[in-house]
Amino acid sequence: MSEDTPSYLVVDDDDVLRRQLVRALESRGYEVRGAASFAEAVALAEVDPPEHAVVDLRLAERSGLELVKKLLELDPATRIVMLTGYGSIATAVEATKIGAVNYLSKPADADEIIAAFDPGTPADGAPEAPSLARAEWEHIHRVLSDCGGNISEAARRLKIHRRSLQRKLNKHAPG
């Protein structure tokens with residue numbers, strides 16, 4: 001790797017998403033390491049702090065916000081983008097207050113993530129408000145995740161019919 005090519009640390013407890021993102025960034029010529037947990041990310045950063053980190057907000061054992069603080073404690077020069085499937089203005093503000101340079105909602109591809117590290121991205125730093133359809137899609141998937149993938153239980157919590165939920169789940173994520 002060339003000296004001017006930034007290194008990346010991708011931290012997400014979703015194995016499939018993390019591996020896809022690591023491969024996508026590697027295919028663009030970056031040095032990339034992946035971590036599935038807070039502890040694994042800290043261990044990697046203690047040995048060799050990354051220049052860029054992509055951190056999921058909801059990790060299994062601890063908050064991604066805590067990890068942002070720890071990574072910046074280890075190396076204040078680390079640039080961090082917060083990535084989440086549970087976007088909200090409050091968490092975006094909190095992430096940027098503690099040092100994240102940007103905030104993206106899942107699903108985000110490698111090009112969107114790379115662009116989020118660019119200082120030329122939205123000057124005000126405010127995240128774009130998701131469409132109502134996008135917010136609904138994210139909420140449904142968050143509830144489904146909280147129910148361990150149980151569609152019947154998710155439908156009960158969402159107070160909609162199971163078949164209606166299945167139809168919504170068969171649709172692709174809105175833009």
Side-chain angles (χ1 to χ4, degrees), residues 8-25 32-45 50 52-72 80-113 116 125-175:
Y8 280 81
L9 174 61
V10 177
V11 186
D12 198 316
D13 53 8
D14 180 330
D15 292 334
V16 173
L17 183 91
R18 184 183 65 256
R19 286 189 201 122
Q20 286 175 340
L21 191 50
V22 166
R23 276 195 307 269
L25 290 168
V32 187
R33 294 170 293 161
S37 69
F38 181 97
E40 185 180 359
V42 170
L44 289 171
H52 290 91
V54 180
V55 177
D56 186 23
L57 177 65
R58 285 180 74 178
L59 297 171
E61 73 286 357
R62 293 178 74 176
S63 166
L65 294 172
E66 290 179 73
L67 182 57
V68 169
K69 291 176 188 174
K70 183 64 177 176
L71 291 174
L72 291 172
I80 302 170
V81 167
M82 182 65 63
L83 185 65
T84 184
Y86 311 100
S88 77
I89 298 300
T91 52
V93 168
E94 179 66 19
T96 54
K97 273 185 180 177
I98 63 172
V101 297
N102 215 328
Y103 184 93
L104 293 173
S105 292
K106 290 180 184 179
D109 65 26
D111 292 328
E112 291 171 314
I113 290 169
E128 183 179 318
S131 69
L132 185 56
R134 176 67 188 192
E136 177 191 43
W137 186 87
E138 288 178 4
H139 179 67
I140 287 170
H141 281 81
R142 180 176 57 242
V143 170
L144 184 62
S145 173
D146 291 346
C147 293
N150 182 323
I151 292 174
S152 295
E153 176 61 23
R156 273 192 291 282
R157 289 186 188 183
L158 291 165
K159 297 183 175 129
I160 62 174
H161 194 277
R162 184 183 49 80
R163 284 193 206 131
S164 297
L165 177 56
Q166 285 176 314
R167 279 193 294 277
K168 289 178 183 287
L169 291 171
N170 287 329
K171 294 181 180 177
H172 293 289

Shortest non-hydrogen separation from A53 to P50 and the atoms involved: CB-CG, 4.4 Å

Straight-line distance of L25 CG to D111 CG, nearest 0.5 Å: 9.0 Å

From CA spacing to verdict: side chain to side chain contact (heavy atoms under 4.5 Å, CB included), L71, V55: CA-CA 10 Å; L71 291 174; V55 177; 4.0 Å; yes

CG on L72 to CG on L67, rounded to 0.5 Å: 9.0 Å

Minimum heavy-atom distance between V101 and A116, given as atom pair plus value: CG2-O, 4.2 Å

Positive for side chain to side chain contact (heavy atoms under 4.5 Å, CB included) with V54, one of L9, D12, L21, V11: L21

Distance (rounded to the nearest 0.5 Å) between S152 OG and R157 CZ: 12.5 Å

Validation row: R18, D15 side chains within 4.5 angstrom (heavy atoms): yes

Smallest separation among heavy atoms of A154 and L144, with atom names: CB-CD1, 3.9 Å

Test side-chain hydrogen bond (donor to acceptor under 3.5 Å, both in side chains) applied to E40 - qualifying residues, sequence neighbours left out: none

Qualifying residues under side-chain contact (heavy atoms from CB on, under 4.5 Å), relative to E66, sequence neighbours excluded: F38, R62, S63

Side chain E112, main chain D109, donor-acceptor under 3.5 Å: yes

With sequence neighbours excluded, residues passing salt bridge (charged side-chain N to carboxylate O under 4.0 Å, His left out) with K70: E73

Considering all heavy atoms, the nearest L83-A108 contact: CD1-CB, 3.7 Å

Residues R142, S145; criterion side chain to side chain contact (heavy atoms under 4.5 Å, CB included); working and verdict: CA-CA 5 Å; R142 180 176 57 242; S145 173; 5.6 Å; no

Closest approach of R33 to L44 (non-hydrogen atoms, all atoms of both residues): NH1-O, 3.2 Å

Reported CZ-to-CG distance for the pair R162 and N150, which is rounded to 0.5 angstrom: 10.5 Å

Test log, rule side chain to side chain contact (heavy atoms under 4.5 Å, CB included), inputs M82 and L65: CA-CA 8 Å; M82 182 65 63; L65 294 172; 3.7 Å; yes

L158 and H139: CA distance, side-chain angles, deciding distance, side chain to side chain contact (heavy atoms under 4.5 Å, CB included) verdict: CA-CA 9 Å; L158 291 165; H139 179 67; 3.6 Å; yes

Distance in Å, I160 CD1 paired with Q166 CD, rounded so as to fall on 0.5 Å steps: 10.0 Å

Heavy-atom pair of closest approach, residues A60 and D13: N-OD2, 2.6 Å

Interatomic spacing from CZ in R156 to CD1 in I151 - rounded to 0.5 Å: 12.0 Å

